[in-house]
Amino acid sequence: MAASRFHLLLVLSLTLCLCHFPDTTWAQLRQNYYASSCPRVESIVRGVVQNKIKQTFVTIPATLRLFFHDCFVQGCDASVIVASTATNKAEKDHSDNLSLAGDGFDTVIKAKAAVDATAGCKNKVSCADILAIATRDVIALSGGPSYPVELGRLDGLSSTAASVNGKLPQPTFSLSQLTAMFAANGLTQTDMIALSGMTIITAFQQAFITAMTKLGRVGVKSGRNGNIRQDCAVLA
């Protein structure tokens with residue numbers, strides 16, 4: 001029953017989320033990245049995710065969609081979480097992102113606050129990594145596979161509505177167009193099918209884990225191209 005529920009949620013969350021991925025720069029990503037600086041980060045985030053799911057089941061598809069919409073535009077850098085200001089219309093306010101449920105944003109913001117409130121962890125963990133961990137957790141807590149998350153992303157330094165143009169799918173997209181977009185960014189048709197939740201059950205979990213890992217490597221920021229935001233909604 002749990003696996004069936006996860007499969008349905010995945011299809012609903014991803015049907016409208018397949019699109020063009022930016023180039024990948026992910027050499028610094030690794031499991032247990034925060035083993036020395038914030039060793040409990042994953043358990044802290046998981047606790048927040050569990051509480052959010054108890055409050056509303058919408059947390060699951062909302063967090064999934066947030067992760068995909070984030071990675072699709074400027075890479076997995078939490079730029080979709082940034083709020084607009086008087087002088088900048090951010091990604092989240094582009095018309096293609098207005099359907100993103102607030103519970104996904106709230107999950108990341110609350111998890112960031114919980115991590116930063118932990119001794120030794122303040123300003124050590126990026127919003128981008130927290131979103132990646134939370135995405136894995138909503139998948140696992142809804143009956144999907146749990147998998148190790150590669151960490152070490154920095155948060156993006158910009159977020160503009162204009163950057164969303166042409167990056168999210170439209171109803172007219174064909175299978176061949178989607179396949180070509182995936183191939184251009186190192187993702188195979190198998191990855192595309194796995195992310196769409198359509199893989200046959202015997203091969204589903206490993207194919208899905210592989211695809212999610214590759215997706216999490218898209219457009220990773222490093223060095224001077226990113227930072228760790230104190231507030232996920234505000235560019236530092």
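In this text the structure is predicted, and so the values were computed from the model without any measurement.
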Side-chain donor or acceptor of [X] paired with backbone N/O of [Y] under 3.5 Å:
X      : Y      : result
Asp129 : Leu154 : no
Asp191 : Thr188 : yes
Thr179 : Gln189 : no
Asp155 : Ala128 : yes
Thr63  : Ala134 : no
Lys122 : Gly120 : no
Lys112 : Val125 : yes
Glu91  : Ala83  : no
Asp70  : Ala78  : yes
Arg153 : Gly226 : no

Assess the residue pair Val138 and Thr107 against the criterion (side-chain contact (heavy atoms from CB on, under 4.5 Å)); give the C-alpha distance rounded to whole Å, side-chain angles, the decisive distance to 0.1 Å, and a yes or no. CA-CA 10 Å; Val138 298; Thr107 297; 5.6 Å; no

Given the rule that I, L, V, M, F, W and Y join up when any side-chain heavy atoms are under 4.5 Å apart, are Tyr147 and Val218 in one cluster?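 As far as the 4.5 Å side-chain criterion goes, Val218 and Tyr147 are connected within one cluster.
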
When hydrophobic residues are tied together by side-chain contacts of less than 4.5 Å, even through go-betweens, does Val164 share a cluster with Leu235?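 No, Val164 does not connect to Leu235 through the hydrophobic network.
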
Do you know the tightest heavy-atom contact between [X] and [Y]?
X      : Y      : value
Gln177 : Thr172 : OE1-O, 3.7 Å
Met212 : Phe67  : CE-CE2, 3.9 Å
His94  : Ala161 : CD2-O, 3.0 Å
Ile228 : Lys124 : CD1-O, 3.3 Å
Phe208 : Pro145 : CD2-CG, 3.8 Å
Cys127 : Val108 : O-CG1, 4.1 Å

Can you list the steps and then say if Arg136 with Glu42 is a side-chain contact (heavy atoms from CB on, under 4.5 Å)? CA-CA 10 Å; Arg136 184 272 312 278; Glu42 295 193 44; 2.7 Å; yes

Begin with the C-alpha distance, continue with both residues' side-chain angles, and end with the deciding distance and a verdict on side-chain contact (heavy atoms from CB on, under 4.5 Å) for Ile193 and Thr190. CA-CA 5 Å; Ile193 293 170; Thr190 298; 5.8 Å; no

[Y] side chain reached by [X] side chain, heavy atoms, under 4.5 Å:
X      : Y      : answer
Thr213 : Thr210 : no
Val73  : Val80  : no
Arg229 : Asn123 : no

Can you give me every donor-acceptor pair (side chain of residues 47-55, partner residue at least two apart or in another chain, under 3.5 Å) with its distance?
unit_1: Asn51; atom_1: ND2; unit_2: Gly47; atom_2: O; d: 3.4
unit_1: Lys52; atom_1: NZ; unit_2: Asp103; atom_2: OD1; d: 2.9
unit_1: Lys52; atom_1: NZ; unit_2: Asp106; atom_2: OD2; d: 2.9

List the steps, then state whether side-chain contact (heavy atoms from CB on, under 4.5 Å) holds for Arg217 with Cys76. CA-CA 7 Å; Arg217 296 170 176 172; Cys76 306; over 6 Å; no

Can Lys92 be said to sit on top of Phe105's aromatic six-ring, NZ or CZ under 6.0 Å from centre and within 45° of the ring axis?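 The answer is yes; both the distance and angle limits are met.
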
